[in-house]
K.L.:
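Take this structure first; my questions come after.
In this chain, numbering begins with 1 at the start of the sequence shown.
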Amino acid sequence: MKRSKRSDVHEVALPWSDGTLSARMWYSGKRTVVGVPELGLHCYGNSQSEAVMRLFVALLKYYRQLKQFRNRLPERGIEHLDLLSKWVSSIEDRMRAPSID
């Protein structure tokens, strides 16, 4: 099996995100891998859109878990929660309907 070279890694946008988190995509065999280096989280899919959507869902689940156990988190977990809190907040802002005055 051929290993991916560093040049084969591409930046990708996460759905509804403002770019707060950097997501990188590469191929492993016939599968697409998308990951967030800041969190050490990666997801696989049969296509780019499947892998990106799986990563998006995994990030939201990870955020909920971190938030639920906030009082027991080590320093690294608190850093991840802070990063994901900003990311979720930016998504909520983008999805919020404009106010009508």
K.L.:
Drop me the distance from L81's CG to F69's CZ, to the nearest 0.5 angstrom.
P.N.:
12.5 Å
K.L.:
Taking the side chain as everything from C-beta on, heavy atoms only, tell me whether W87 gets closer than 4.5 Å to L84.
P.N.:
yes
K.L.:
Taking the ring centre of each residue, are H42 and W26 less than 6.0 Å apart?
P.N.:
yes
K.L.:
Distance check, rounded to the nearest 0.5 Å: L55 atom CG versus L39 atom CG?
P.N.:
9.0 Å
K.L.:
Run the numbers on F56 and I91 for side chain to side chain contact (heavy atoms under 4.5 Å, CB included), then give the verdict.
P.N.:
CA-CA 11 Å; F56 181 76; I91 292 170; 3.7 Å; yes
K.L.:
Assigning hydrophobic clusters by single linkage (Ile, Leu, Val, Met, Phe, Trp, Tyr; side-chain heavy-atom cutoff under 4.5 Å), is M95 placed with V57?
P.N.:
no
K.L.:
Identify the two heavy atoms, one from P37 and one from S22, that lie closest to each other, and give their separation to 0.1 Å.
P.N.:
CD-O, 3.3 Å
K.L.:
Looking at side-chain heavy atoms only, is the closest gap between V33 and S28 below 4.5 Å?
P.N.:
yes
K.L.:
Hey, could you give me the CG/CZ distance between L41 and R54, rounded to the nearest 0.5 Å?
P.N.:
13.0 Å
K.L.:
Indicate yes or no: at least one non-hydrogen side-chain atom of E11 is less than 4.5 angstrom from one of R24.
P.N.:
yes
K.L.:
Please tell me if the side chains of M25 and V9 come closer than 4.5 Å, counting only heavy atoms from C-beta onward.
P.N.:
no
K.L.:
Quick check: does any side chain N or O of S89 sit under 3.5 Å from a backbone N or O of S85, one acting as donor and the other as acceptor?
P.N.:
no
K.L.:
Rounded to the nearest 0.5 Å, what's the gap from CD on Q65 to CD on Q68? Could you check?
P.N.:
8.0 Å
K.L.:
Do S47 and E50 come close enough that some side-chain heavy atom pair is under 4.5 Å?
P.N.:
yes
K.L.:
Look up atom CG in L59 and atom CG in L83, then write down how far apart they are to the nearest 0.5 Å.
P.N.:
9.0 Å
K.L.:
State, yes or no, whether a side-chain contact exists between Y27 and D8 at a heavy-atom distance under 4.5 Å.
P.N.:
no
K.L.:
Is there a side-chain contact between T32 and N46, using heavy atoms and a 4.5 Å cut-off?
P.N.:
no
K.L.:
If you count heavy atoms of other groups shown closer than 6.0 angstrom to OH of Y44, is the number above 12?
P.N.:
no
K.L.:
Tell me the closest heavy-atom pair linking A51 and G45, and the distance in Å.
P.N.:
CB-N, 3.8 Å
K.L.:
Side-chain contact test, heavy atoms from C-beta onward, threshold under 4.5 Å: evaluate it for E79 versus D82 and give yes or no.
P.N.:
no
K.L.:
Kindly compute the distance separating NE2 (H80) from CD1 (I78), expressed to the nearest 0.5 Å.
P.N.:
11.5 Å
